[in-house]
Amino acid sequence: MENTKDLTEHSSRSEGNRGDSFGMFDGYDSCSEDTSSSSSSEESEEEVAPLPSNLPIIKNNGQVYTYPDGKSGMATCEMCGMVGVRDAFYSKTKRFCSVSCSRSYSSNSKKASILARLQGKPPTKKAKVLQKQPLVAKLAAYAQYQATLQNQAKTKSAAVSTEGFNWGNYINSNSFIAAPVTCFKHAPMGTCWGDISENVRVEVPNTDCSLPTKVFWIAGVVKLAGYNALLRYEGFENDSGLDFWCSICGSDIHPVGWCAASGKPLVPPRTIQHKYTNWKAFLVKRLTGAKTLPPDFSQKVSESMQYPFKPCMRVEVVDKRHLCRTRVAVVESVIGGRLRLVYEESEDRTDDFWCHMHSPLIHHIGWSRSIGHRFKRSDITKKQDGHFDTPPHLFAKVKEVDQSGEWFKEGMKLEAIDPLNLSTICVATIRKVLADGFLMIGIDGSEAADGSDWFCYHATSPSIFPVGFCEINMIELTPPRGYTKLPFKWFDYLRETGSIAAPVKLFNKDVPNHGFRVGMKLEAVDLMEPRLICVATVTRIIHRLLRIHFDGWEEEYDQWVDCESPDLYPVGWCQLTGYQLQPPASQSSRESQSGSSKQKKKTKSQQYKGHKKMTTLQLKEELIDGEDYSFLQGASDQESNGSANFYIKQEP
């Protein structure tokens, strides 16, 4: 199903019943009609303060709607809104409750369909599918369910401050473009965003009104930026004076028809009340052929924000002090799919590590032993009460590989993103071949004698590249520390070290149709401090590799990230999930950081070549211990839907 709904296709009454009430609009009032003429019911969804009779108000007939439990055995007629037993519905698709509705659906006039959608007409009686409840609604029956779920999300996000940063103002003032939600398959609605785009119509609160109760009006999407939309009230035409930004996934955004079915009044903004004498006719004309959100949009948002990882689950995760090994950690909290993991031996629960639930750095208990990876045994002999091992099927899957034929071998050379300095791609060596396609890799010239700074990548990881990748794609390759024969030439280096390059055919060359473009804005994790999510920009694209720049910071803080990394999010993700967003760095923040950059000197085993950013949070805290580092999250190793050769030159 598409994720926007054509308003001409929504439910209305049968032809006979439509004719009886077409002129009276069944309880609707226009500028020229007295509001007392609307029909009403003894029941009311909620008490609403009386509205002045001299205002143009479009409202529902006041009936109470109920909705069944939504189990799989139920279905809703797309023509009349009847809810009934699915098996009793007509045709294989079960879209209509009768032959009559099926035929009316295709022949129904656009005008009558729009009116029925706006009015929220209750279903007419049909033989065996009619529910025994006296009044049954169609699409907007989700209203109470939606309000409960979304009020919880609203309360949660209200407590989160972005310290004055506003995405809407930032984008408007600079004419920026944001990466679309469909670029982020791991994010809420990433796989079911559909064709939500400009000109989609929604019902939103009318803020240009002085009435004592909350009223609504219809608005159209002028511009999309991730989850956020710039909206303009219907009737303002080219006047942008009252345009406003909000999250499409917010609790106050509804599909057209929600107000009518929920008993909420539609009131035109005060600024334009004088423009038309018949607002009903205006809306019918404007909405004919337009699209709105699907009726179950808010339900999909809620479902896409349910995460299988729960507090107290135990996992194996990289040891942030020694990359070469893993440790047991416990899920402390889950926010938007991001996990705050506390290492099991941390008595005060402050020794933590942040990553996404799809990160390649976390694994099920027993993973290290199964592939031969180094593991730090916990001093805790038995699980603490309430803690339990995370089911293996919840973790990101990697591609199966065949290691029986030609395969990676110890000592082979390659190029790899340095997990301790993500702005660089370095000369690297395979130090150990593990089971299931995993490799231990070291950065040439910067390795500890005991191998404590080796790091684990899967053979299909998008963070490792064949020899020559950087040269072909005009990326600066970082040579081994202390190597003096510059400029660096692979041919000379291989001969001098007596090494061979890893075969090109063993690397992952799949390139999905990711949709990113240079200049797009997004929210990105600072992988050198993964609890922070910052305002960022895509500055380069090399096949599936993205160069992420953190707005307000120098290029030395940029990071190479895969296009499918679970550490990239659409604009508005922090607001939606209740996570704190770090705004672009100010000049004062950068100056404060430069005076303390020496605190990031690395030990011999951790040759760190860049400076770690000092962000809004860090300015208020003590600097982190110099040996606590976090590492590249990489990409979810899923099959991509395209391919490209690494040896195709890309424009810088």
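Computed over heavy atoms, backbone and side chain alike; hydrogens, waters and symmetry mates excluded.
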Practice task
Give the minimum heavy-atom separation between Asp252 and Phe216, together with the two atoms involved.
Solution key: O-CE2, 4.5 Å
Problem - Distance-minimising heavy-atom pair for Cys563 and Leu546 - result: CA-CD1, 3.8 Å
Exercise for the section: Drop me the distance from Lys300's NZ to Leu293's CG, to the nearest 0.5 angstrom. Expected result: 10.5 Å
Exercise for the section: Give the minimum heavy-atom separation between Gly515 and Met520, together with the two atoms involved. Expected result: O-CE, 3.6 Å
Handout entry: Salt bridge present between Asp195 and Lys291 (N-O < 4.0 angstrom)
Key = yes
Problem - Reported OG-to-CG distance for the pair Ser359 and Leu339, which is rounded to 0.5 angstrom - result: 8.5 Å
Exercise for the section: Measure centre to centre between the rings of Tyr579 and Trp354, then say whether the value is under 6.0 Å. Expected result: yes
Practice task
Apply side-chain contact (heavy atoms from CB on, under 4.5 Å) to Ile196 and Val221, showing your working.
Solution key: CA-CA 9 Å; Ile196 296 175; Val221 175; 5.8 Å; no
Exercise for the section: Could you tell me whether the side chain of Arg544 and the main chain of Pro512 form a donor-acceptor pair under 3.5 Å? Expected result: no
Exercise for the section: Quick one: list whatever passes side chain to side chain donor-acceptor pair (under 3.5 Å) with Glu332, sequence neighbours left out. Expected result: Arg349
Exercise for the section: Output the distance between atom CD1 (Ile218) and atom NE2 (His254), rounded to the nearest 0.5 Å. Expected result: 12.5 Å
Handout entry: Pair Asp567 + Arg338, salt bridge at N-O below 4.0 Å
Key = yes
Practice task
State which residues pass ring pair (Phe, Tyr, Trp, His ring centres under 6.0 Å) with Phe244; sequence neighbours excluded, sorted by chain then number.
Solution key: Tyr233
Problem - Ring geometry between Trp573 and Tyr569 (parallel below 30°, tilted from 30 to 60°, perpendicular above 60°) - result: parallel
Exercise for the section: Could you give me the CA-CA distance, side-chain angles and deciding distance for Leu361 and Cys355, then say whether side-chain contact (heavy atoms from CB on, under 4.5 Å) is met? Expected result: CA-CA 8 Å; Leu361 299 183; Cys355 67; 5.5 Å; no
Exercise for the section: Can you measure from CG (Asp296) to SG (Cys192) and round to the nearest 0.5 angstrom? Expected result: 9.0 Å
Handout entry: Under 3.5 Å: donor-acceptor pair, side chain of Glu203, backbone of Trp258
Key = yes
Completion exercise
By side chain to side chain contact (heavy atoms under 4.5 Å, CB included), Asn172 pairs with (sequence neighbours left out) Leu230, Trp245
Handout entry: Stepwise side-chain contact (heavy atoms from CB on, under 4.5 Å) test for Val215 and Leu266
Key = CA-CA 6 Å; Val215 296; Leu266 278 172; over 6 Å; no
Handout entry: Residues that Lys521 engages under side chain to side chain donor-acceptor pair (under 3.5 Å), provided they are two or more places apart
Key = Thr537, Asp551
Problem - side chain to side chain donor-acceptor pair (under 3.5 Å) against Tyr343, all qualifying residues, sequence neighbours excluded - result: none
Practice task
Report yes if the side chains of Tyr170 and Pro584 come closer than 4.5 Å at any heavy-atom pair, otherwise no.
Solution key: yes
Problem - side chain to side chain contact (heavy atoms under 4.5 Å, CB included) involving His364 - partner list, sequence neighbours excluded - result: Trp367, Pro392, Phe395
Exercise for the section: Check whether any side-chain heavy atom of His514 lies under 4.5 Å from a side-chain heavy atom of Ile541, and answer yes or no. Expected result: yes
Exercise for the section: Kindly give the heavy-atom pair with the smallest separation between His186 and Ser565, and that separation in Å. Expected result: CE1-O, 3.2 Å
Practice task
Mark yes when over 12 heavy atoms from residues, nucleotides or ligands other than Ile177 sit less than 6.0 Å from its CD1; otherwise mark no.
Solution key: no
Handout entry: Val301 backbone acceptor or donor facing Ser304 side chain under 3.5 Å
Key = yes
Exercise for the section: Please confirm whether the backbone N or O of Cys312 pairs with a side-chain atom of Arg314, one donor and one acceptor, at under 3.5 Å? Expected result: no
Practice task
Determine whether Leu287 and Thr292 make a side-chain contact, defined as any pair of heavy atoms from C-beta on separated by less than 4.5 Å.
Solution key: no
Handout entry: Minimum heavy-atom distance Val571-Ala225, with the two atoms named
Key = CG1-O, 3.5 Å
Handout entry: Distance, nearest 0.5 Å, that separates OG of Ser302 from CZ of Phe297
Key = 12.0 Å
Exercise for the section: State, yes or no, whether a side-chain contact exists between Phe176 and Ile171 at a heavy-atom distance under 4.5 Å. Expected result: yes
Exercise for the section: Report the C-alpha separation of Trp217 and Phe236 in whole Å, then their side-chain angles, then the decisive distance to 0.1 Å, and conclude whether the ring-ring contact (aromatic ring centres under 6.0 Å, His included) test is met. Expected result: CA-CA 12 Å; Trp217 190 240; Phe236 275 80; 9.7 Å; no
Handout entry: Side-chain H-bond candidate by donor/acceptor type, Trp167 with Gln575, under 3.5 Å
Key = no
Handout entry: Lys185 and Glu564 ion-paired at < 4.0 Å
Key = no
Exercise for the section: Taking all non-hydrogen atoms of both residues into account, name the closest pair between Phe550 and Ala524 and its distance. Expected result: CE2-O, 3.9 Å
Exercise for the section: Calculate, to the nearest 0.5 Å, the distance between atoms CZ and CG belonging to Arg201 and Leu231 respectively. Expected result: 11.0 Å
Exercise for the section: Using atom types as modelled and distance alone, determine if a side-chain donor or acceptor of Asn206 lies under 3.5 Å from a backbone N or O of Val267. Expected result: yes
Handout entry: Check: Arg286 main-chain N/O paired with Glu234 side-chain donor or acceptor under 3.5 Å
Key = no
Practice task
Give a yes or no answer on whether the side chain of Glu344 reaches the backbone of Val330 with a donor-acceptor pair at less than 3.5 Å.
Solution key: no
Handout entry: Audit row: Leu527, Val561, side-chain contact (heavy atoms from CB on, under 4.5 Å) steps and yes/no
Key = CA-CA 9 Å; Leu527 294 169; Val561 181; 4.2 Å; yes
